[in-house]
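The next block holds one structure in the form of structure tokens; read it before the comments.
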Amino acid sequence: MSATLELSLTVNGETRTATVAPLARLLDVLREAFGLTGTKEGCGEGECGACSVILDGELVNACLVPASQAQGAVVTTVEGLAARDGTPSPLQQAFLECGGAQCGICTPGMLVAGQRFLDGGAPATDAAVREAIAGNLCRCTGYAKIVDSIQRAAATPSPPPGERAGVRGPGDR
Amino acid sequence: MRRAEDMPQGWVGSSPVRLDGLDKVLGRARYLDDLTFPGQLWGRTVRSTVAHARIVRLERDPAFDWSGLTFVTAADIPGENVVQLIESDQPCLARDVVRHCHEPLALIAGPDRERLEEALAHVLVEYEPLPAVFDPLASTQIFKHYAYEREAGRIDEAFVRAARVVEGRYRVGHQEQLYIEPNAVCAVPRPDGGLSLHGSMQCPFYVHRALQRLLGLDDDRLAVIQTVTGGGFGGKEDYPSMIAGHAALLARKSGRPVKIVYGRAEDIAATTKRHPAVVDHRTAVAADGTLLGGEIRIVLDGGAYCTLSPVVLSRGAIHAPGAYRWPCCRVDARAVATNTPPNGAFRGFGAPQTLFAIEMHIEKIARELGLDPVEVRRRNALREGDVTATGQRLRESVSALAALDAVAARAGPLERPPRGARKRRGRGFSLVWHGAGFTGSGEVKLKARAGVELTPNGCRVLAASTEIGQGTVTVFSQMVADALGVPLDAVEVAVPDTSRVPDSGPTVASRTCMVVGGTLAGAARALERRLSAFAAESFGGDPSRVACRGGVFREGARVLAPYSVVAGRHLAEHGPLRIVEQYSHPPGIVWDDDEFRGDAYPVYAWAATAVDVEVDLDSYETRILRAVTASDVGKAIHPVLCAGQIEGGTVQALGWALLEELRHRDGRVLNDRLQTYLIPTALDAPPIETILIENGYRHGPYGAKGVGELPMDGPAPAVAAAILDATGALVPELPITPDRLMAALGKDPA
């Protein structure tokens, strides 16, 4: 038996623990140990972005992150974007209204990458938005309506801090 | 006027939020790999490492611990060892001979993925090599040959009369569909000896029939159930029958559910691709650019087994003359065998290959005659009343000129850098057509059935057509809601499950909206008539004046009862009500398979594209600055989804134009990773301007034709034409890599 790791991290505002192999992928921990199957696997080598999550404020591919590196981290997945009552976030709402999701398999990663961009507060120019999602492949939309969605959300007032399940209010960390 | 369909409620033509959207944005949509099945094992596939060989030994390494693992070879197949399709020449597991690399030889299932990975390396295979063919032009095995002519007796004369004879050879390579969700299925054995198969797929009944033949199972012991599917693009048309067979064999032998989820490399290497093609044109033209006659020869590389090649070839051959009038022409088309994985369905299905060729040839003709290529297109474009190369008179909904004019007007002037700049700009146009629905007699033979069943608040749509991202569930609901006269949320769409829905045919060929949607709208109208008569009888009224609208039955302006009251009473008095209808072509659509003549499709969609590029003459890289498309889809049932299809297809086609080509060495796929097989990112994709033209088709639901494949046809030749405009080099082969552009400009790529 290889050594195991008692992993403890904050996922979408909740403390979660699991006993895993130290080199287990964060992607498998999220999907299999925590049942958070919103995060998808498209390539397993960090090229497609379907497994994008926010880890301590940074956009990462969960398929490339070993569990040991997520010890004590704060992680936001697609399941943490909506309000606690399930109301879609402004970005999710914009994806619905603009047609930003088609088959939906890249959508969780796109939303997470888009949210990370919006959280950064940079102006949502066409070039800036495309740069922000350049690590996320979509084969359905041609990206046009994804860019529209992120720009629309950028123009929508954001909900007060703490409303989103995955984001903790100031002072929580 | 009393019928509900005459009083549209406005769902059709509006863009409500897609009905599967909320689950998808919340991360709640469950794709196959998100589902857990009690006691489930994982399955893996042992594949050949050579392109053509006799198998002299296939056995398990006795030194390895095989306990707890299930091992399956061709000898375990209870029925026929074939993947059921047109010729059914492809084995589910190779038995004596392998005909391509990555061909499935054996299967292993077990509870632990790491141990499975180890076990794969302990299956011992020895081969006796056989000669392999990789060049389709050198192949002597022909899967299918079509030849057809229009006014053959005039062809020789046309070449004599011609001001010029223009010849050209055009080639395209393998393209990978690259849906972001790889192929995935789970086979679940049932206590009755039957099987349920869940999976990511386009065509549940293809899988159903394949499993029946492989396993020898009756209809009532088999259910094939589509799970939420993360893209298809044709790549999940026939291959799911293969992987489903594998999971089913492992599940039958182990007695446990078996899930197979391909890794990206396996999916790229082993599954179907777009057929590579070589197309030769020889054309007689008048000095003003009028096409006088021509000869077209097409060779498609079918790969190692026939699979869908005959139908890819027929669509390719029919679209080969392009959206143009030919007084006379001859088309010779063959699909041949090579020792590479079988090529199959990919959005456009043969048409993008032959349309690239004719569009580049039009550019060549214009250049040789010193004419504007857009004017050459305009001069020859098909118009209403014209006759196509297969002898079809185009009676309605012909928009070649309208699309070309719309794109040219929107494109406006192109700003070009000063002479001598190292970065050149250019603009290219293309004009294409795309037949909606199956080719030839396909729909007549299929007899697609689809229907609706009464629910207390509306109805449930019953069809095997799958939602693969394109919006099937939403557009079906819109059409049915308007036909039935109920709100959108009163319509449910049943999960495609072969034990519960009628066979409405595969989700392919731009047929879902026009063929299946039209059949559903007809069934919903029949349901509305039935309920209107019942409401008139139950609540008093003249049946000929009663209709449902907005969820309320009325006689003229007088309210009779809400839909739920009428439906509830009908269900109570008469029990379940299911109306299933069968698609038939409109009258007068006739195709002769033997002569390859007649109405190849009931109607065509049309599109023009303009692309602006910037070519760097130092790096020979091409950047796409902008794409403008105008597409006649008949009617956009949901304009946002419709534009989404066009934009997505456009970028997929732009990828094919510049980036995407699967390469092989000795039949082995070289670039089976997303680091080596590149598809466009958001930075590669240009802004796209999408113009929808709605030149309605009389027999389509609400006027709709097809849209899914159309955007794959035009962008690649428009890119090549733009590069020609920018650099003066006509690159006759896709993708236009820097190397190919250098070669075309007479530079040495080394």
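Convention: sequence-line order gives letters A, B, ...; per-chain numbering from 1.
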Practice task
Could you look at B:T229 and say if it's the side chain, the backbone, both or neither that has a heavy atom under 4.5 Å from chain A?
Solution key: backbone
Fill in the blank from the handout: OH (B:Y179) and CD1 (A:I105) are apart, to the nearest 0.5 Å, by 12.5 Å
Completion exercise
Cut-off 4.5 Å, heavy atoms of chain A, and the answer for B:P182 is side chain
Handout entry: Non-hydrogen atoms of B:G230 and A:C103 that approach each other most closely
Key = C-SG, 3.3 Å
Problem - Heavy-atom side-chain contact between B:E647 and A:T141 under 4.5 Å - result: no
Exercise for the section: Could you have a look at B:G231, B:A682, B:P686 and say which one has the most heavy-atom pairs with chain A under 4.5 angstrom? Expected result: B:A682
Practice task
For chain B, find which of A:A50, A:C98, A:A127, A:A101 contributes the most heavy-atom pairs closer than 4.5 angstrom.
Solution key: A:A101
Handout entry: Side-chain heavy-atom pair A:Q102, B:R18 within 4.5 angstrom cut-off
Key = yes
Handout entry: A:E32 portion near chain B, given a 4.5 angstrom heavy-atom threshold
Key = side chain
Practice task
Check the pair B:K24 / A:L96 against side chain to side chain contact (heavy atoms under 4.5 Å, CB included), numbers first and verdict last.
Solution key: CA-CA 9 Å; B:K24 286 177 173 173; A:L96 292 174; over 6 Å; no
Handout entry: Closest non-hydrogen atom pair, B:D33 against A:R31
Key = O-NH2, 2.9 Å
Practice task
Please state whether the side chain, the backbone, both or neither of B:L22 comes within less than 4.5 Å of a heavy atom of chain A.
Solution key: both
Practice task
Pick whichever of A:P108, A:G38, A:G99, A:C140 has the most heavy-atom pairs under 4.5 Å with chain B.
Solution key: A:C140
Exercise for the section: Could you tell me which non-hydrogen atom of A:E47 sits nearest to which non-hydrogen atom of B:L674, and how far apart they are? Expected result: CB-CB, 3.6 Å
Handout entry: Interatomic distance, A:Y143 atom OH to B:T681 atom OG1 [nearest 0.5 angstrom]
Key = 6.0 Å
Handout entry: A:K40 side chain near B:D34 side chain, heavy-atom distance below 4.5 Å
Key = yes
Practice task
Please tell me if the side chains of A:R139 and B:F233 come closer than 4.5 Å, counting only heavy atoms from C-beta onward.
Solution key: yes
Practice task
Name the region of A:L137, side chain, backbone, both or neither, that has any atom closer than 4.5 Å to a heavy atom of chain B.
Solution key: both
Practice task
Check each atom of B:A643 against the heavy atoms of chain A and say whether the ones under 4.5 Å are side chain, backbone, both or neither.
Solution key: both
Fill in the blank from the handout: If one checks every heavy atom of B:R30 against chain A at 4.5 Å, the contacting part turns out to be side chain
Exercise for the section: Counting only heavy atoms closer than 4.5 Å, note whether B:D267 contacts chain A via side chain, backbone, both or neither. Expected result: neither
Fill in the blank from the handout: Highest number of heavy-atom pairs under 4.5 Å with chain B among A:C106, A:G42, A:A134 belongs to A:G42
Problem - Contacting region of B:Q645 [heavy-atom separation from chain A under 4.5 Å] - result: both
Completion exercise
When A:Q92, A:Q93, A:M110 are each screened for side chain to side chain contact (heavy atoms under 4.5 Å, CB included) with B:V25, the one that passes is A:Q92
Practice task
Identify the two heavy atoms, one from B:A685 and one from A:G142, that lie closest to each other, and give their separation to 0.1 Å.
Solution key: CB-O, 3.8 Å
Problem - chain B contact via A:T107 - side chain, backbone, both or neither, heavy atoms under 4.5 Å - result: side chain
Problem - More than 12 heavy atoms from other groups under 6.0 Å of CD on A:E97 - result: yes
Exercise for the section: Determine the option with the most heavy-atom pairs under 4.5 angstrom with chain A, choosing from B:V651, B:I688, B:I468, B:I679. Expected result: B:I679
Exercise for the section: Tell me, for B:A29 versus chain A, whether the close heavy atoms (under 4.5 Å) come from the side chain, the backbone, both or neither. Expected result: backbone
Practice task
With the side chain counted from C-beta on, respond yes when B:I180 and A:C138 share a heavy-atom pair under 4.5 Å apart, and no when they do not.
Solution key: no
Practice task
With a 4.5 Å cut-off on heavy-atom pairs, point out which of B:Q470, B:R673, B:H638 contacts chain A the most.
Solution key: B:R673
Practice task
Working to the nearest 0.5 Å, report the span between SG of A:C43 and OH of B:Y677.
Solution key: 15.0 Å
